[in-house]
Each structure stands twice: as C-alpha cells, then as structure tokens.
Amino acid sequence: MKLTFRILIVLALIGVFIIAALMYIMPVYNVWQQEMSGKAEMAKAEQNRRILVEEARARLEAEKLNAQAEVERAKGMAEAMRVENNTLSKTYNQYLFIRTLEKLADKGSIPQIIYLPSEGMVPVMDLTNPVPDKVPIVK
C-alpha cells in the first residue's frame, strides 16, 4: 500500500508540474505565435507593395517606349511628306493618288470610281448612274 501511495503522489506531482509548465508555456507560445503571424503579414504586405511598384515602373517604361515610337513614326511621316512634296514629280504624285483610289475600290470602300484626268485631280464618284463607255474606270 505504501508503494502504491508513493506512485500516486509521484504521478500527482508530475501532473501538477505538467500543468504548471503548460500555464507558463502556453501564454509565451501564444505571444510568439502572434508575433510570427504579424511578421508574416508584414512581409506579405511589403511584397505586395513591391509588386505594385514594379508594375507601375513597367507601365511607365512602356508608356515612354510608346511615346518614343510615336515620335519616330511622326518623324518618318514628316520625312516621307517632305520627300513626296519636294522631290517627286507631279506625274508620280498623280500615280500615288490613283493607286490609293484603286486600293479603296479593291477593299469595297468605294463602289465605283470614275477618274477624269484634270488639273485639279478631282475624281468623280457616281454611285447611282451607269458608267459611260468612253470614260476610263479605275478599280
């Protein structure tokens, strides 16, 4: 009986020791867990902010490149206009005009074009009347 009583006392002391240890460890563990959770949330927020900043930088760089491309396109158009206006002959300019009209007719944008060569280079567009036999048709 004394041996059993001693085992019960030892078990009771071990139980009290475990309960006391848990009473001390659990609050410390909860504080540590909350601290780690806060650090994780802070790291995630910082990473999200970095992502947003990088996306904004990428958009800015893309806009700068688009603006540079637009400037280059405008320079090219200005150069082409300068070449066409200053160095091309009147006949070649008439050819370019007629070719543009042909492209529009091929696309179906203009159903019928009657071209009468004149000094003003004004095309006659007649959408309702039949075309006379002796007028050349540009298609």
Side-chain angles (χ1 to χ4, degrees):
M1 174 152 159
K2 287 190 175 191
L3 186 62
T4 330
F5 184 67
R6 286 184 181 175
I7 292 175
L8 284 178
I9 290 179
V10 169
L11 288 177
L13 286 175
I14 291 173
V16 169
F17 177 75
I18 290 174
I19 290 173
L22 287 176
M23 288 175 64
Y24 174 77
I25 291 173
M26 290 304 292
V28 172
Y29 173 76
N30 286 338
V31 169
W32 177 82
Q33 181 187 22
Q34 291 297 321
E35 184 180 342
M36 291 297 114
S37 176
K39 286 181 180 180
E41 286 183 30
M42 183 65 94
K44 185 176 181 180
E46 180 66 23
Q47 184 64 25
N48 287 340
R49 185 189 68 78
R50 286 182 187 149
I51 289 171
L52 289 174
V53 168
E54 287 303 316
E55 287 175 350
R57 283 185 183 144
R59 283 193 303 271
L60 176 63
E61 187 176 335
E63 288 299 323
K64 285 180 181 179
L65 291 174
N66 286 338
Q68 287 176 354
E70 189 65 25
V71 167
E72 291 302 317
R73 187 191 63 79
K75 285 179 183 178
M77 288 182 66
E79 179 66 18
M81 290 172 63
R82 185 187 63 76
V83 167
E84 286 181 5
N85 290 334
N86 293 334
T87 61
L88 299 180
S89 69
K90 184 176 181 179
T91 307
Y92 187 73
N93 283 334
Q94 289 174 348
Y95 164 75
L96 290 176
F97 179 73
I98 294 168
R99 196 175 80 189
T100 302
L101 291 178
E102 288 174 350
K103 286 180 183 178
L104 290 173
D106 289 342
K107 287 182 182 177
S109 299
I110 300 175
Q112 184 178 20
I113 299 173
I114 302 171
Y115 174 69
L116 300 172
S118 66
E119 190 62 36
M121 292 293 297
V122 178
V124 177
M125 289 183 229
D126 187 356
L127 304 177
T128 57
N129 296 331
V131 179
D133 292 333
K134 297 187 180 186
V135 177
I137 300 174
V138 176
K139 288 190 177 182

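Numbers here simply count residues along the sequence, with the first being 1.
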What's the separation between atom [atom1] in [X] and atom [atom2] in [Y], rounded to the nearest 0.5 Å?
X   : Y   : atom1 : atom2 : value
I25 : I18 : CD1   : CD1   : 10.5 Å
I14 : I7  : CD1   : CD1   : 10.5 Å
E55 : L60 : CD    : CG    : 13.5 Å

Can you sort out the partners of [X] under salt bridge (Lys or Arg N to Asp or Glu O under 4.0 Å), two or more places apart, ordered by chain and number?
X   : result
R50 : E46
E35 : K39
E54 : R57

Per-pair distances, 0.1 Å, donor-acceptor, side chain in residues 65-81, under 3.5 Å, sequence neighbours excluded:
{"unit_1": "N66", "atom_1": "ND2", "unit_2": "A62", "atom_2": "O", "d": "3.4"}
{"unit_1": "E70", "atom_1": "OE2", "unit_2": "R73", "atom_2": "NE", "d": "3.3"}
{"unit_1": "E70", "atom_1": "OE2", "unit_2": "R73", "atom_2": "NH2", "d": "2.4"}
{"unit_1": "E79", "atom_1": "OE1", "unit_2": "R82", "atom_2": "NE", "d": "3.3"}
{"unit_1": "E79", "atom_1": "OE1", "unit_2": "R82", "atom_2": "NH2", "d": "3.4"}
{"unit_1": "E79", "atom_1": "OE2", "unit_2": "R82", "atom_2": "NH2", "d": "2.4"}

N48 side chain near K44 side chain, heavy-atom distance below 4.5 Å: yes
Would you say W32 and V28 make side-chain contact, with heavy atoms under 4.5 Å? no
Could you check whether atom CE of M36 has more than 12 heavy atoms from other residues, nucleotides or ligands sitting under 6.0 Å from it? yes
Once side chain to side chain contact (heavy atoms under 4.5 Å, CB included) is applied, do any residues pair with I19, and if so which ones, sequence neighbours excluded? M23
Please, which pairs that meet salt bridge (Lys or Arg N to Asp or Glu O under 4.0 Å) have at least one residue in residues 14-33, sequence neighbours excluded? none
